[in-house]
Amino acid sequence: MARPSPWRYVGRRILSALPVLAGVVVITFVLTRMLPGDPALYYAGQVDSFQAVEEVRHRMGLDRPLPVQFVAYVGDLLHGDLGQSLSTGQSVGREIVQRLPASFELMAVALAVGMALAIPLGVAAATRPGSLLDHACRVTGTAGVSLPTFFTGLVLIYVLYYLLGIAPAPVGRFPSFMRPPPSVTGLLTVDCLLAGDFGKFRVACAQLALPALTMAIFTLAPLMRMTRASMLGVLSSEFVRQARANGMPWPRLLFGTALRNAMLPVVTTMGMIASSMLGANVLVERVFAWPGVGSYALDAMVSLDYAPLQGFVLTMSVLYVLINLLIDVLYGIIDPRVRFEA
Amino acid sequence: MHRRDLLRASGLALAAPALAVSGARHAWAQSREDTLLVVVEVGQNSLDPQGLGVNQATLGVTWNIYDRLIGFGVKTLPDGNRTFDFDHLVPELAESWQVASDGASVTFRLRPDAMFHDGSKVTAADVKWSLDRAVSNPGPASQMRAGALEKPEQFVIVDERTIRVDFITRSKLSLPDLAVIQPSVFNSELCKKHATADDPWALNWVKTNAAGGGAYTLESWTPRQETILTRNEAWVSGKKPTFQRIVIREIPSAGSRRALLQRGDADLSFDLPPRDYVDLAKDGRLKVLGVPATNTFQYVGMNTRKPPFDDVLVRQAVAWALPYQEIFDTALQQRGRKLFGGPSALAGTAWPQPFPYATDPDRAKALLAQAGKADGFDTTLAFDLGTASIDEPVALFIQEALAALKIRVAINKLPPGQLRGSIGRREQPFYLFSFGAWFDSPEYFFFLLYDGKLDGPSNGASYANPEVDAAIDTARATTDPATYDAALRAMMTAAMRDVPYVPIVQPFVNVAMRKDVGGFVNMFHRQLDYRPLTRV
């Protein structure tokens, strides 16, 4: 029996996401308009009369009826134009394209570090439940997730930068007095390698280290707990006992058979963490002056800047759909029993 | 296997920062002396000094990229700080100017050797185009109107190097209004190349491109990250600046900005919370300056159209009940000049000056009883979350102090930046805000904040008093010192008696910098003028 093609499944999933995206467009438009505050008054600044405010409103196109504004917005959207940001004066599409890789790079490294620590620890805790190691894992995990990320970030800056001076200044992705490599992928570390500049690669990694560590600490707990719980279930299942009885070597059994079977819920958790880290890491981004999409959206919201906010929500919705799709495909790879059927 | 590989990889990632430091430090040292590294919370949202909805940082950066016809002089305050001198205008692009004998116009003579950044000559046509642009667009027009500069016909080219500005009314503010940011002089030929039928003033292009001839040229701008300015070596409109490069790095977290300063990795920051300036001053490694912001006060506003604040007795009761000293010491960390506890009679016509109110609960109780509110009332006190680090403790102190008068205060926190709009719509009965006027002229301050005829967006108390309106008109029009003085006294006395706004402090413009940075001059726009800064 041939397995159904995953591609048809992927295509169907993408098609089914279209109505969701249309809904997102409508809802974000309506919600941004429902934000308290008056952008015309905000952007007019300190003016002498209300007539001046009305003139500003007219220039911003905000005096037109909402349906007219919506039609104009959708029209621009269909042309691939997400509009212009009032608070940075730049095109929203271009800014998101520039900022997304910054968030992605940080998220990817943080997740990799988080997984590299959480999975072995989770496995170790699961093989010795109730041991000292198990308790230690629980305590560190809980501490990591309970401390707000901006606090962890500031503590790391204080100790590693301010006191010890071994971490670089928290000034974003690249220090002021060096030219970043030509942008190819937007991922600074990758661009450095593509340019063959190892000195800059090290600088980029150094800038990345503290924020990534801050975020990794935050992801430790959910990943570790999930690995542990899932592993406990798998280790007590019959097929593991059978394999053990048949004399399968313990490391191969643990990391080959058992871990693979325990990975499904871990991957689900990872997907959720990845999606939220991409857009909701405002605090880490702000503490480390990281030019990501999260702080972009927050700044837009604070300054009643509708276009970037709508662009951000739309981009994030597309990414959520894609990440969820990727997770589903990963399921298929990890667990052959998962079939790509409706 | 997996686990070992992963652990080894993460170990490498952790070791990387230590390896990288040496390289970064080396590059740093090369241009350190000639470069000023400024850390700010937010950078500019436009490069157009005449743009619509431009933020404070835009004013700061364009101040250095563009020249005006004239500028303000500098005076030294008794405390040794230096600040702009509103009464003393100095040449910038204009090497001289002459007010007509009938006072109906002023004629400017341009420097013969002034050039824009692209090397083209600054002509009277450029000046006219720039001033026309300023009065024709809603962003800058409001500021231009303050100096009675309203129509393009007022700006007349006499010859290539001479331009005349005709006054439609005699206003003392017309000349100083040509020294502020909006009347910056643009390279009109360059701008016109990027103008379109829909956009004759090239608003879209100037938003992201510099077209000036000022002391600094724009080297690069990465929005929300970094702006780099380079000294314009061909600049002739003033003394050549010391710093060859200015790097403005946006660091949103105040804690990180402070750490950068203390480590000596940044040279200067001027937007930290008050608490940090106090700590930095104590710490002693940095130079911390606090200059009272010109013509500005931080106040408690009460809407005179919303009961119970429509009763002047209630407003006076609140003014006698506020816990001024606690607010000043704890919430504001004494970073400001006290505007409470002044003498009962007006002390001259300097503005702002201390109001006679101090904390006197008995007096407040008596006034409330007189107003028929002995049993107190319920109200909400609004503040903006954008300034929460200062305003939240202030609000809590007020809530506590008024509870003693049975005034039950609920606190209303508005999302950052939204209080201004809410005040504009007159929604708030009771709120914390600050107001400042660029012009160091009391009647202008009163015109925007207290004028009932104008009833403008800033007058959140909806204050209207015909006596004050008349005094404002008189003060703006008169040239007779005695009449002027009497008008100022009338409006100030009314402001203290009617207290629609209870001022707490005249806030400081705070700057923290490395000890080797000097030359700071406080400007009306409260942003940095990079031109006079030096490395000592």
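Every chain is numbered from 1 and lettered A, B, ... according to where its sequence line falls, protein lines coming before strand lines. Bear in mind the structure is a predicted one, so any value in this text is a computation, not a measurement.
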Checklist entry - Of the backbone (N, CA, C, O) and the side chain (C-beta and beyond), which part of A:Q98 lies under 4.5 Å from a heavy atom of chain B, both, or neither? => result neither
Checklist entry - What residue, out of A:L208, A:L210, A:D299, A:I157, has the most heavy-atom pairs lying under 4.5 Å from chain B? => result A:D299
Checklist outcome for this item: Turns out that what part of B:R249 lies under 4.5 Å from chain A's heavy atoms comes down to side chain
Checklist entry - So which of A:R57, A:H58, A:E55, A:M60 actually passes side chain to side chain contact (heavy atoms under 4.5 Å, CB included) with B:P138? => result A:E55
Next on the checklist: Are the side chains of A:P170 and B:L260 in contact, using a 4.5 Å heavy-atom criterion?
Outcome noted: yes
Item to check | Geometric cation-pi criterion, B:R263 with A:Y161: 6.0 Å, 45° | outcome: yes
Checklist outcome for this item: Looking only at heavy atoms, the pair that brings A:L154 and B:S253 closest together is CD2-OG, 4.3 Å
Checklist entry - So which residues of residues 39-49 of chain B are in contact with chain A at a heavy-atom cut-off of under 4.5 Å? => result B:E41, B:N45
Checklist entry - Tell me, side chain or backbone of B:I248 under 4.5 Å from chain A's heavy atoms, or both, or neither? => result neither
Checklist outcome for this item: Separation between OG (A:S295) and CD (B:E250), nearest 0.5 Å, reads 10.5 Å
Checklist entry - Is it the backbone or the side chain of A:E95 that comes under 4.5 Å from a heavy atom of chain B, or both, or neither? => result side chain
Checklist outcome for this item: If one checks every heavy atom of B:E226 against chain A at 4.5 Å, the contacting part turns out to be side chain
Next on the checklist: Taking CZ in A:R252 as the centre, count heavy atoms belonging to other residues, nucleotides or ligands within less than 6.0 Å. Is the count above 12?
Outcome noted: no
Item to check | Heavy-atom side-chain contact between B:Q225 and A:P291 under 4.5 Å | outcome: yes
Next on the checklist: Could you check whether A:Q90 and B:K207, counting side-chain N and O atoms only, form a donor-acceptor pair closer than 3.5 Å?
Outcome noted: no
Item to check | Residues forming a side-chain contact (heavy atoms from CB on, under 4.5 Å) with B:K413, sequence neighbours excluded | outcome: B:F383, B:L385, B:E392, B:I411
Checklist entry - Counting N and O atoms only, with roles assigned by atom type, does the side chain of B:S256 sit under 3.5 Å from a partner on the main chain of A:V287, one being a donor and the other an acceptor? => result yes
